[in-house]
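The next block holds one structure in the form of C-alpha cells; read it before the comments.
Labels below follow one simple rule: chain letters A, B, ... track the order of the sequence lines, proteins then strands, and each chain is numbered from 1. As the structure is a computational prediction, the values presented were derived from the model and not from experiment.
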Amino acid sequence: MKIATWNINGVKARIENLCQWLRDSGPDIACLQEIKSVDEGFPRSEIEALGYHVETHGQKGFNGVALLSKMKPDEVYRGLPGDDTDEQARFIEGVFSVEGGVVRVCSLYLPNGNPSDDPVKYPYKLAWMARLEAFARERMALEEPLILAGDYNVIPEPHDAKDASQWVTDALFLPQTRAAFRRLENLGFIDAVRATTDEAPLFSFWDYQAGAWQKNNGIRIDHLMLSPEASDRLRSTDIEKHVRAWEKPSDHVPVVGYFNF
DNA sequence: ATGCCTACATTCTGTAGA
C-alpha cells in the first residue's frame with residue numbers, strides 16, 4: 001500500500017496538478033494539507049472520477065485538510081482533540097480496514113508559528129504540538145498501525161535544510177520546536193524517511209521566492225510519523241520532487257511511504 | 001533590513017504562508 005502526504009497549497013488552484021499526480025503516482029491513501037477551501041467548494045467530482053473516496057475538513061480561505069483514498073474509511077474524525085475553542089481546520093483522521101486489521105491515517109497541518117516572537121502565533125504552534133503529543137500518546141495505547149502524516153512545519157535536524165543557519169530564529173527550527181518534535185519520536189514514533197535512508201540533505205519544500213527551487217534551497221518539513229506497528233510494515237519511502245518542476249506547482253512535494261498492508 | 005512569490009477574498013489591497 002502506498003500512502004502519501006502533500007501540502008498542495010490550494011486545491012482549487014492545483015486541481016490539474018492533483019489529478020495528474022493521482023493518475024501518475026496512484027497512492028492508495030493521500031493526505032492533503034492547505035486545501036484552502038470550504039468542504040462545499042472542494043473539487044470532489046474530479047477526484048471521485050479517478051476512483052477516490054474524498055473526506056475533507058475545510059475552512060474558508062486558508063488551512064484545511066483532506067483524505068483521498070481508494071477504499072472508503074470505516075470511520076472519520078475531524079479536528080485535533082484538546083481545545084474546543086480552536087477553529088482552525090488542521091486535522092482529520094481516517095480508519096481503514098486492511099488485511100489483518102486496521103490502519104489509522106491522519107492528515108495534519110501543524111501551525112507555522114512565525115513570526116516566532118509573535119505573542120499569539122508561536123504559542124499556538126507549541127500548544128498544538130502538545131495536543132498532538134497527547135493524541136499520539138492516547139492512540140499509541142491502541143497498539144495499532146498509525147500514520148501521522150502531514151506538513152509539520154518542523155525542520156527536525158540541521159541536515160534537513162540547505163543552510164540551517166538561515167533558520168535559527170525561525171519557528172520551524174527553534175529549539176523548542178525541535179524538542180516538541182523529538183517528544184513525539186520519544187513516544188515511539190518513527191520518521192519514515194529517516195528510517196529508510198541516510199541520504200542528506202532531503203527536502204520537501206522549496207519557497208516560491210528568490211529562485212529557491214533552482215538553487216535547491218529547500219527544507220524537509222513534511223513527514224510520515226509511524227507507530228511501531230506501522231513501522232514494522234514499512235518497506236521504503238520516496239519524495240516525489242519532480243512535481244515541483246511542473247507548471248504552477250505547489251511549493252511542497254509529496255512524501256510517500258510503501259507499506260506491507 | 002526588506003522583498004523576493006503565490007493563493008485567496010475582496011479588490012484596485014491585505015492576510016497568510018515558510
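- Nucleic acid contact class of Y109(A) (heavy atoms, under 4.0 Å, all strands): sugar-phosphate only.
- Between N17(A) atom CG and dT6(B) atom P the separation is 13 Å, expressed in whole Å.
- For K36(A), the side-chain atoms get nearest to dC8(B) when compared with the rest of dC5(B), dA18(B), dC8(B).
- When distances are taken from the side chain of K60(A) to each of dA18(B), dA16(B), dT10(B), the shortest belongs to dT10(B).
- Contact annotation for R220(A): no contact, since no heavy-atom pair falls under 4.0 Å across all strands.
- Within 4.0 Å (heavy atoms only), N9(A) reaches sugar-phosphate atoms of the nucleic acid but no base atom.
- Outside the 6.0 Å centre-distance limit, the rings of W21(A) and W246(A) are not counted as a close aromatic pair.
- In this structure, I155(A) places its CD1 atom 9 Å from C1' of dA18(B), rounding to the nearest Å.
- Of the N and O atoms on the side chains of D74(A) and S97(A), at least one donor lies less than 3.5 Å from an acceptor on the other residue.
- dT13(B) and dT2(B) have their P atoms separated by 22 Å, with the value rounded to a whole Å.
- A distance of about 15 Å separates the P atoms of dT6(B) and dA18(B), rounded to the whole Å.
- A donor atom on one side chain and an acceptor atom on the other are found under 3.5 Å apart for E34(A) and N7(A).
- In this model, the phosphate group of dA18(B) is approached by a side-chain N or O of N7(A) to a distance below 4.0 Å at OP1 or OP2.
- K125(A) has its NZ atom 16 Å from the P atom of dA16(B), to the nearest Å.
- For the residue pair K2(A) / S25(A), a side-chain donor-acceptor distance below 3.5 Å is found, with atom types taken as modelled.
- N153(A) comes within contact range of the sugar-phosphate backbone alone, with a heavy-atom separation under 4.0 Å but no base atom that close.
- Atom CG of D207(A) and atom P of dG17(B) are 14 Å apart (whole Å).
- For R44(A) and H53(A), the side-chain atoms include no donor-acceptor pair closer than 3.5 Å.
- With rounding to whole Å, N217(A) atom CG is found 15 Å from dC5(B) atom P.
- A distance of about 26 Å separates the P atoms of dC5(B) and dT10(B), rounded to the whole Å.
- Straight-line distance from the CD1 atom of I8(A) to the P atom of dA7(B): 12 Å, rounded to whole Å.
- A residue-by-residue look at F62(A) and Q209(A) shows that Q209(A) has its nearest nucleotide of DNA chain B further toward the 5' end.
- Rounded to a whole angstrom, the distance from the P atom of dA16(B) to that of dA1(B) is 24 Å.
- Of the listed nucleotides (dC4(B), dC8(B), dA18(B)), dC8(B) has the atom at the smallest distance from the side chain of A13(A).
- Among the nucleotides dA16(B), dA9(B), dA18(B), the one closest to the side chain of K12(A) is dA9(B).
- Only the P atoms considered, dC4(B) is 13 Å distant from dG14(B), to the nearest whole Å.
- Listed nucleotides: dG17(B), dC4(B), dA18(B). Nearest to the side chain of Y208(A): dG17(B).
- Ring-centre distance between F91(A) and Y109(A): not below the 6.0 Å cut-off.
- Regarding H252(A), its NE2 atom lies at a distance of 11 Å from the P atom of dG17(B), rounded to whole Å.
- Residue whose closest nucleotide on DNA chain B sits further toward the 5' end, between G113(A) and K248(A): K248(A).
- If you check every strand for non-hydrogen atoms under 4.0 Å, D222(A) touches nothing.
- With rounding to whole Å, Q88(A) atom CD is found 9 Å from dA16(B) atom P.
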